[in-house]
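Order of the sequence lines fixes the chain letters, A, B, ..., with proteins taken first and strands second; residue numbering starts at 1 for each chain. Excluded from the calculations below are hydrogen atoms, water molecules and symmetry mates; all remaining heavy atoms, backbone and side chain alike, are included.
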Amino acid sequence: MGGMDRLLKDLNEAQLEAVTATEGPLLVIAGAGSGKTRVLTRRLAHILRQRLAQPHQVLAVTFTNKAAGEMRERVRELLGTDVPGLTVSTFHSFCARLLRREAESIGYTKDYTIFDADDARTLVKNCINDLGLSGSQFSPRAQIRKISDAKNKLITAEEFASRASGYFESTTAKIYRRYEQRLRQCNAMDFDDLLVNAVILLREKHDIGQHYRQRFQYLMVDEYQDTNHVQYLLLKNLVGEHNNICVVGDEDQSIYGWRGADIRNILDFEKDFAGAKIIKLEQNYRSTAIILKAAGAVIRNNQARKDKTLWTAIDGGDNVNYMLVDSADEEASEVVAKIDAMREAVPVNQMVILYRTNAQSRAFEEHLRRRAIPYQIIGGVGFYERREIKDILAYLRLLVNPKDDVSFARVVNFPKRGIGAKTLQDMALLARETDQSWYQVATRWHEYDLLASRGKRLKPFVELIEKYREQADSRPTDLLVQDLIDELNILQEYRQEDEIQGQTRVENVEAFIEGVAEYSAQNPEATLVDYLSEISLYTDLESYEEDEPAIPLMTIHSAKGLEYDIVFLVGLEEGLFPLARATEDPSQLEEERRLFYVAATRARKRLILSSATTRHRFGVVESIPSRFVEELPIDLVERIDRRTGRTAVSNTPAESLSFFGPRHQTRRSPRQEQPKGVHYEFEGEEQFRPGRIVQHPTFGRGKIVNTEGFGESLRMEIMFTGAGLKKIMAKYAKLRVVG
DNA sequence: AGATTACGATTTTTT
DNA sequence: ATCGTAATCT
């Protein structure tokens with residue numbers, strides 16, 4: 001058998017067509033769970049196997065490093081060999097590498113620094129101060145937001161200024177302009193610049209653009225629905241005459257509008273790329289029919305979508321569960337109880353807890369820890385964003401790029417050297433006057449009267465940096481970092497600050513050093529610049545260990561592209577999901593709905609939803625169940641009201657899902673009449689009653705101390721002879737009454 | 001300069 | 001409630 005057959009095996013008709021349609025523009029509309037990754041990887045492998053192109057002539061772009069890594073690995077498996085030269089990369093790291101090579105032609109050096117969101121905000125804050133504006137009227141956060149929006153539309157500071165009207169906009173224009181100037185002075189780019197500058201490079205440096213257009217014979221893009229205008233332009237400027245571009249996406253899963261993603265990119269693909277072929281993948285291989293029906297019923301309420309119908313061969317399935325509880329704490333305790341009960345039957349890494357905002361993770365963490373269930377939190381404050389790591393990184397970045405004022409300001413007085421705000425301010429002033437970086441001014445402190453009195457403090461700092469700078473090229477980075485940490489006595493510093501937090505800081509620093517060592521071992525050729533560049537684009541998603549026996553907790557955004565047997569989707573409340581600010585704007589509301597859709601379609605077998613009736617945000621606020629819950633087909637949902645302990649059984653189409661009577665919101669789809677007459681089921685409490693002795697498969701023999709809830713939701717506190725007191729859900733624990 | 005305190009904003013999601 | 005920043009004190 002030829003290898004070709006294997007690459008084309010086990011594909012449905014649409015998938016096969018997508019894999020083999022290699023020439024010309026192709027849009028693959030890939031519904032959730034429709035085998036998108038499989039198509040992409042097979043297609044890539046097919047192109048290589050058929051020798052339609054050399055590996056270095058193929059470019060595949062994804063959004064996350066994780067997705068890129070997986071694609072690379074799967075292609076390798078399919079071809080049974082490494083594929084040197086093949087580029088499978090994220091938009092950002094592709095651009096970063098391109099810019100490293102060509103930095104000089106746009107006025108940067110190869111050593112340019114990549115500013116993360118935090119650095120960018122700091123720099124904007126400096127700009128606001130430079131312009132003598134009040135930080136309260138122009139918050140760095142809001143300003144960087146506006147600047148980023150502009151960049152994502154490829155609007156330069158000049159264009160922004162010329163379009164600006166009114167005081168606020170023209171002030172933002174000034175801040176934008178100053179920010180751009182400062183970035184260049186720092187030899188730094190923010191995340192948006194990576195894309196913007198790459199586009200400018202390809203577009204305006206004709207020979208460079210031509211070079212890459214000729215090189216890449218085949219382009220493939222994953223998650224096309226999440227591309228923004230700049231990313232679109234990047235692709236446009238990379239596609240050569242052959243026009244071989246294949247994009248894969250699903251408009252129903254577009255969830256990055258807030259970051260400038262433009263859903264029109266996918267909706268207008270046929271117009272943008274003449275002669276485009278469109279293939280729809282509509283068979284879902286992941287979820288049960290019930291889950292798909294439920295998710296589909298919700299997404300149908302969106303206007304901005306092409307109609308498509310996903311279908312699955314997996315008939316039936318368990319009903320969607322919906323749990324109403326009193327508080328965030330109870331929500332966590334209920335969810336964790338269910339997980340605990342189910343974990344005998346389902347491996348914990350086949351379940352997931354999904355929430356709208358990172359802040360929600362906390363309650364779950366506590367309860368998971370209490371029950372000693374292993375978990376891993378994905379996202380939130382990433383490893384490289386922690387203070388202690390950023391401190392060390394700032395030193396390294398300054399070594400590599402002495403123009404990096406943001407890093408300089410971060411380390412010049414850490415650990416404390418008696419160089420305070422006033423000194424920094426004076427240096428900034430001198431830097432501005434003499435057109436140098438802050439560090440450069442510091443190295444020449446003796447030339448300036450203004451700094452003369454601070455020489456005693458500045459000199460040792462400069463000498464320290466210079467000493468390490470000389471070593472940066474020759475000494476292995478992990479040893480360099482180790483020396484630096486020892487010499488600065490940073491760990492002691494953290495311990496002194498706060499005993500408890502200091503300890504985790506120390507551990508993180510140690511983990512960091514290990515990470516550096518590992519990196520150098522794996523990439524012996526790599527320089528410090530390479531390393532810094534790589535971790536600038538690292539996200540916490542990469543740290544997710546899918547095989548680890550721990551339950552993952554993450555935001556819905558992070559869960560895109562993943563799948564689980566059992567999905568707990570929590571915090572379904574108006575104001576939280578959908579978020580309050582999204583409820584005003586129909587297009588934002590639709591994005592929230594897509595988010596719900598993404599969450600629901602992560603589930604293979606069971607979907608368990610929950611809302612709390614009170615949730616403290618800043619003070620106690622009542623909350624009502626999310627409108628998305630009401631959009632679910634009633635006969636597919638089994639609800640449990642934890643406050644009354646009642647279980648409303650499915651197949652009671654009679655009842656409205658609204659616990660609070662009719663809602664004022666207008667519904668798009670008219671619902672049938674809703675006669676009263678709720679049906680509740682009580683069962684189980686007969687045999688499981690306090691005092692009874694039961695047998696549990698793992699905990700052994702125990703006595704029921706207390707029971708709560710009824711029916712499906714009956715749970716018990718049981719004192720086991722060996723294992724002590726446990727809370728157990730009757731439904732999942734295979735309990736046998738023995739006395 | 002550095003530490004302490006008080007106040008105020010702040011919660012979306014991430015490369 | 002928590003975090004970060006600004007004002008105030010040592």
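W438(A) and F408(A) have perpendicular rings, their planes meeting at more than 60° on a 0 to 90° scale where under 30° would count as parallel. Below 30°, between 30° and 60°, or above 60°: for F628(A) and F596(A) the angle between ring planes is between 30° and 60°, a tilted geometry.
Between E591(A) atom CD and dT14(B) atom P there is a gap of 13 Å when expressed in whole angstrom units. Between D190(A) atom CG and dT14(B) atom C1' the separation is 14 Å, expressed in whole Å. Rounded to an integer number of Å, the gap from M554(A) CE to dT12(B) P is 21 Å. The separation between D329(A) atom CG and dA1(C) atom P is 15 Å, rounded to whole Å. Nucleotide dT14(B) holds its P atom 12 Å from the CD1 atom of I378(A), rounded to whole Å. Atom CZ in R121(A) sits roughly 11 Å away from atom P in dT10(B) (whole-Å rounding).
With the nearest nucleotide of DNA chain B identified for both T423(A) and G380(A), T423(A) has the one nearer the 5' end. Taking for each of F91(A) and R457(A) the nucleotide of DNA chain B with the nearest heavy atom, the 5'-most of the two is the partner of R457(A).
Proximity of N152(A) to the phosphate of dT15(B): no side-chain N or O atom is located under 4.0 Å from OP1 or OP2. Checking the phosphate oxygens (OP1, OP2) of dT13(B), no side-chain nitrogen or oxygen of R259(A) falls inside 4.0 Å. Close to dT15(B), at under 4.0 Å from its OP1 or OP2, lies a side-chain N or O of T539(A). In this structure, N358(A) does not reach the dT12(B) phosphate: none of its side-chain N or O atoms is under 4.0 Å from OP1 or OP2. Put simply, T555(A) has a side-chain N or O that comes within less than 4.0 Å of OP1 or OP2 on dT14(B).
The six-membered or imidazole ring of F364(A) lies away from that of Y375(A), with a centre-to-centre distance of 6.0 Å or more. Checked against the 6.0 Å centroid criterion, the rings of Y395(A) and Y439(A) do not qualify as a close aromatic pair. Aromatic ring centroids of Y256(A) and H557(A) lie under 6.0 Å apart.
Residue contacts for L541(A): at a heavy-atom cut-off of 4.0 Å it reaches the sugar-phosphate backbone alone, with no base atom in range. Within the nucleic acid shown, N413(A) comes within 4.0 Å of sugar-phosphate atoms alone, with no base atom in reach, counting heavy atoms only.
On a pure distance criterion of 3.5 Å, no polar donor-acceptor pair joins the side chain of R141(A) and the base of dT10(B). Scanning atom types as modelled, one donor and one acceptor separated by under 3.5 angstrom connect the side chain of W258(A) and the base of dT13(B).
Nucleotide dG8(B): paired with dC3(C) (Watson-Crick or G-U wobble, both distances less than 3.5 Å).
Distances from the side chain of K125(A) to the nucleotides dT12(B), dT5(C), dT11(B) place dT5(C) closest. With dT12(B), dT15(B), dG2(B) as the candidates, the nucleotide lying closest to the side chain of E592(A) is dT12(B). Distances were taken from every side-chain heavy atom of S558(A) (C-beta onward) to each of dT14(B), dT13(B), dT15(B); the shortest belongs to dT14(B).
Nucleotides dT13(B) and dG4(C) place their P atoms 15 Å apart, quoted to the nearest Å.
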